[in-house]
Structures are given as C-alpha cells and as structure tokens.
Amino acid sequence: MIKFRRILFLIFLLATETLWAQDIESIIDAAPNQEAFWSVTVRDETGEILESLNHEKLIAPASNQKLLTTAAVLDYFGSTYQYETNIYGKGEQIGTVWNGDLIIKGSGDPSISGFMYNDNRYFVFNKFLEQLTEKNITEVSGNIIADLSLFDRDYYPKGWDWYDFSFYYGVQISPLSFNNNAVDLEVFAEGEIGSLPRIRWFPDSTDYVEFINEQEITHPDFKYDEYYRRGFGTNIITLASGLPQGYYEKESLSIDNPELFFLDSFSKFIQTNGIYFDGELQLSTTEVADSSHPVLATHLSKPLSELVGWTNKESDNLYAEMLLKTLSAVSGEEPGSFEHGINQVRTFLADLGIDTTYVMMNDGSGLASGNFTKTTIISDVLQKMLTHPESEAYLKSMSIAGIDGTVAHRMKGTPLYNNFMGKSGYITGIRTLSGYLEAKSGKKLIVSLAANNFAGKVRPIDMIHEKILDYLYHKY
C-alpha cells in the first residue's frame, strides 16, 4: 500500500512538474481539493518569516494543538518530572492481614498501561503487588478506595463530539487511569460466512464491560465494515461490524467511569496473584489519603520527557488531556480542570511574547471543535522552543519523517526522509503538519501547514504537504 501511494505521489509530481519550483501558492492552486482553505507559515531559526500564505487567518489546528500544550507542560514541570502514584493504608497490619482499607490516590499519571513498559499492561500493578507482598500482606479485610481529589469531575473537555466517546481517542479523563481507559478488543473472523466471529478482550475478558456481539463474517472479497458503539453512560458495547472471512481486527474501545475500571482491574489482579480481597470498591472526590496514612506501595512514572514524547509522536489525546489537567492541579488550587489548564497554557504563550487573542482552546489535544489559532502562532512557538531550556526534550518529542510516530509511513524514498520532524494533526476536514525541516543546504526551517474545510480523503492533502516541504527543501 505504501509503495502504491508513493507511485501516486510521483505521478502527481510529474503531472505538475512545470509548477515545481515556482512558489507555494502555485503548488496549492494546482492541487486537488480546491474547496480547502490553506494557511502556510515558514520561518528561519531567527523567527523571520520566509514564506507565507493566509498566515494571519484563523485555522483549526487539530492535533497541532498538542505542540502548545506540551511546550507549556515542559516549561512548568521540566523534563525530569515524574508522576508519583501511591497506595496508602488506612488501618493496621495484623499478621499477614491488612486490617483496614487501601487508598489509591490518583496522581494524573496517564501511563499506567503498557505503552511505556514494553507492552506489559500490568507492569505498574505488578510493582504494587511486589511491594504489598514484600510487606507480607496476603489479605485486605477492608475496602479499596480511589482518592480522586486531584481533578474535578468533568470527564470530557468542552467541544468533544459524542461520536468519539466509544473509541480510544475519545476516552474519559480521570486522575486514575488504567490501560488508557479502554478495553482492547480482538475479533477473529475464523468461522463460516454468516456466523458470529469470536471475540476476546483485555483486561482478561473482564466483566466490567458487556459486549453485544452482532457482528457477521462476510465473504472474503468484501471490505471490512466497522461498527462499534458504547451506550452513553454505560459499559454496554454493541459490535455490529461485517468482517471478511479470515479477517483479524483489534480495536481499543472506551469505558465509562475509568476510576472504577482501575479499581476493578486492580482488585481482580491482586486476587489472582495471591492477595485475598472481598470488600467494596469505593470512590471519593474529596481527599482521603494524607500523611497520617502509611504508604504501602508507590510507583514513579517515566520522566515527563518520555510522556511528552509519546503524546506528540503518537498523538495520544488521553496523555495530552491528563497533562493539561495535571498542569492545572499543580499550578493552581485542586481540583484541576480543563479550563484552568488552558489558561495556564495561554499564560505560558503570553510569557513567550505571543498574542493569545488568537489562541482559542477548548482542550489540550486538539480533538475539540472550537479550537482556533494561526500557523504564524504555531510556528512562532516552535521557533521560540529552539532556545527554551527544555528544547532538547521538546524536539525529541517530534515524529521523524519515515521513521517513527504519526509520520513514520510518510516521505519514505524522498529527500524529506529523516529531514523533517514535527507533529501531524487530523480531524474530519482538517489536516495540519508543523515542525522543523532541515533543507538541502543544512538550513533549519520552521514550518506550519494547515488545510481546513476539505472534503474526501486525507491522502491528497498529505501529498500537497510533502510537495510544499520538498519545494522548501530544495529552495533553501
């Protein structure tokens, strides 16, 4: 498929060869999707604008919004910051029994999953288990309580679409997160045509969710037809996809009430691994863990530099929103909120000397409607971060063309390979790409490209992005 797309790209380039070295406007004028609105800003390392098109017009940034959020988070916390998640004991140990409650205080850590730990999704739970076992605890006689006081109770930022709430990219945001607040579904279309495909899911086919399997195995020549819906406010997920015979599908689907999902998964994990528990799972929105309670187990996350790297390279919305709410909670008075976190990002940008009149944010990730900014502002942030004390971590968080992240599949076999690093963005009708381009001469360019209001597939827009970058690569 990649080779086929590359052939299409080369055909497009040849068809417009006479316009190749003219200018950006000519490239866009010769492109498909003439209904689209384009904005382009190109700067050098000093911040001087070298090329532009509609650069003072407002655009929706999609996931290029994460470039603003992660810059502010790195500025406030520093790249070595680590989340600390603690299990406190309320009660006392008598023999091998913890006679009382366990309190797990949510720290806002988004990485209690397998992404940071070689796909071992139980890595953090194992660390907790090891520490409880080292204390010779084999039974908990009380309850397991989630302390959720760090964040407010808004699960979603303003402007997220209800359609996205069933999927991994639109999960609920909570100070206690496990497995990216999703269940990982596998579907095996290994039966007869017309029959139900087999399913299984992580965590360990948990009964925290209920699947209504209405899927059908179709003829092998048919296309895969996806359908997943989680009932609003429930953990009942309807599956109604059509899967070609022999097809394998994997999808991460969101769950409702992530803190209870955390407790449910953790309690089942420790019971499976030798700690008896038959108490209740409780949630508290007020602080119940304090210095009077001993810490029975603790976990420090990977450094913030790695979390920001995952956020930008993989364009992870959960990570972006958890970082935003953590910024709010730590920089202000708890509980942290989306609105206060956004204000902190805007304050950071203002301190950089950026006019925030045209930075309109409803979330930290860029998924929300109502986000607007300018390519001049995005490129200005990128340029200023070159000399920021956390520039190394920020630059390392970018995807590298043809190598990793969301641009791993793009620009292979072209001069742009390994010479562009940045952040892509996409929501329906919006495609953005911003970052750093090393031109043929070795000159570093800061580029921000945005196409808004286009119809159809994203690939033709990507081709124009790549043609503009190639033009800049050769010109400078």
Side-chain angles (χ1 to χ4, degrees), residues 2-32 38-55 64 67 312-313 375-376 378-388 391-392 394-425 431-451 458-476:
I2 292 174
K3 289 182 178 178
F4 178 69
R5 288 175 175 172
R6 180 56 49 200
I7 291 169
L8 287 178
F9 181 44
L10 292 174
I11 291 173
F12 173 76
L13 298 184
L14 290 171
T16 58
E17 185 176 6
T18 57
L19 298 174
W20 180 260
Q22 291 185 13
D23 55 37
I24 291 172
E25 189 169 358
S26 297
I27 293 170
I28 293 172
D29 285 345
W38 282 85
S39 177
V40 177
T41 304
V42 182
R43 299 176 184 267
D44 64 16
E45 289 187 78
T46 70
E48 180 183 352
I49 295 179
L50 304 176
E51 309 244 4
S52 65
L53 176 68
N54 296 324
H55 64 292
N64 275 200
L67 294 170
N312 282 336
K313 283 183 182 291
T375 57
T376 50
I378 296 172
S379 61
D380 199 6
V381 173
L382 290 170
Q383 186 272 328
K384 287 179 167 61
M385 287 302 291
L386 286 173
T387 56
H388 189 276
S391 61
E392 181 179 358
Y394 190 67
L395 292 175
K396 283 184 176 180
S397 77
M398 304 295 160
S399 299
I400 303 173
I403 293 178
D404 64 9
T406 59
V407 296
H409 65 289
R410 297 174 62 177
M411 307 178 219
K412 291 184 177 181
T414 78
L416 304 174
Y417 173 79
N418 202 25
N419 283 318
F420 175 80
M421 53 191 295
K423 179 83 193 68
S424 64
R431 185 63 159 168
T432 52
L433 185 68
S434 299
Y436 305 95
L437 173 67
E438 184 173 328
K440 188 175 183 179
S441 66
K443 185 173 185 176
K444 186 184 290 288
L445 305 178
I446 297 95
V447 182
S448 183
L449 314 175
V458 74
R459 183 55 188 158
I461 302 297
D462 286 353
M463 291 165 66
I464 300 304
H465 283 168
E466 292 170 29
K467 188 172 183 186
I468 292 171
L469 291 176
D470 194 279
Y471 156 77
L472 295 170
Y473 173 82
H474 286 94
K475 179 174 179 179
Y476 294 97

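All residue numbers refer to positions in the sequence shown, counting from 1. Values below: all heavy atoms of this structure, side chains included; hydrogens, waters and symmetry mates excluded.
Residues Gly405 and Ser399 approach most closely at CA-OG, 3.5 Å, considering heavy atoms. Taking both residues in full, the closest heavy atoms of Glu45 and Gln383 are given as O-NE2, 2.8 Å, listed atom of the first, atom of the second, then distance. Here the closest heavy-atom approach between residue Ile464 and residue Ile28 is recorded as CG2-CG1, 4.3 Å. Among all heavy-atom pairs drawn from Met421 and Leu395, the shortest one is CE-O, 2.9 Å. Here the closest heavy-atom approach between residue Arg43 and residue Asp380 is recorded as NE-N, 3.5 Å.
Here OG1 of Thr406 is found 11.0 Å from CE of Met398. Values are rounded to the nearest 0.5 Å. With rounding to the nearest 0.5 angstrom, the OG1 atom of Thr414 is 6.5 Å from the CD atom of Glu466. Taken from CD1 in Ile403 to CE in Met411, the straight-line distance is 11.5 Å, to the nearest 0.5 Å. Atom-to-atom distance recorded for Thr432:OG1 and Ile378:CD1 is 6.5 Å, nearest 0.5 angstrom. Between the CG atom in Leu382 and the OG atom in Ser391 there is a gap of 12.5 Å [rounded to 0.5 Å].
Atom NZ of Lys396 sits in a sparse spot, with 12 or fewer heavy atoms from other residues, nucleotides or ligands closer than 6.0 Å.
Here the side chain of Tyr473 pairs no donor or acceptor atom with the backbone of Phe420 at under 3.5 angstrom. For Lys313 (side chain) and Ser397 (main-chain N/O), no donor-acceptor pair under 3.5 Å exists by modelled atom type. Looking only at distances, a side-chain donor or acceptor of Tyr394 sits under 3.5 Å from a matching main-chain atom of Leu67. Looking at Asn64, its side chain does come within 3.5 Å of a backbone N or O of Lys423 through a donor-acceptor pair. Proximity of a side-chain donor or acceptor of Ser39 to a complementary backbone N or O of Asn54 within less than 3.5 Å is detected.
Using a 4.5 Å heavy-atom cutoff, the side chains of Glu51 and Ile468 are not in contact. Side-chain atoms of Pro415 and Asp470, non-hydrogen and from C-beta on, do get closer than 4.5 Å to each other. Considering only heavy atoms from C-beta on, Arg410 comes within 4.5 Å of Leu433 through its side chain. Within the 4.5 Å cutoff, the side chain of His465 has heavy atoms near those of the Asp462 side chain.
Asn419 pairs by the side chain to side chain donor-acceptor pair (under 3.5 Å) definition with nothing, not counting sequence neighbours.
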Would you give me the side-chain donor-acceptor pairs under 3.5 Å for residues 440-448, sequence neighbours excluded?
from: Ser441; atom 1: OG; to: Lys443; atom 2: N; distance (Å): 3.3
from: Ser441; atom 1: OG; to: Tyr476; atom 2: O; distance (Å): 2.2
from: Ser448; atom 1: OG; to: Ser434; atom 2: OG; distance (Å): 2.8

Begin from the C-alpha positions of Leu449 and Thr375 and carry the test side chain to side chain contact (heavy atoms under 4.5 Å, CB included) through to its verdict.
-> CA-CA 7 Å; Leu449 314 175; Thr375 57; over 6 Å; no

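Using a 3.5 Å distance cut-off with no hydrogens or angles, the side chains of Asp29 and Ser26 do not pair a donor with an acceptor.
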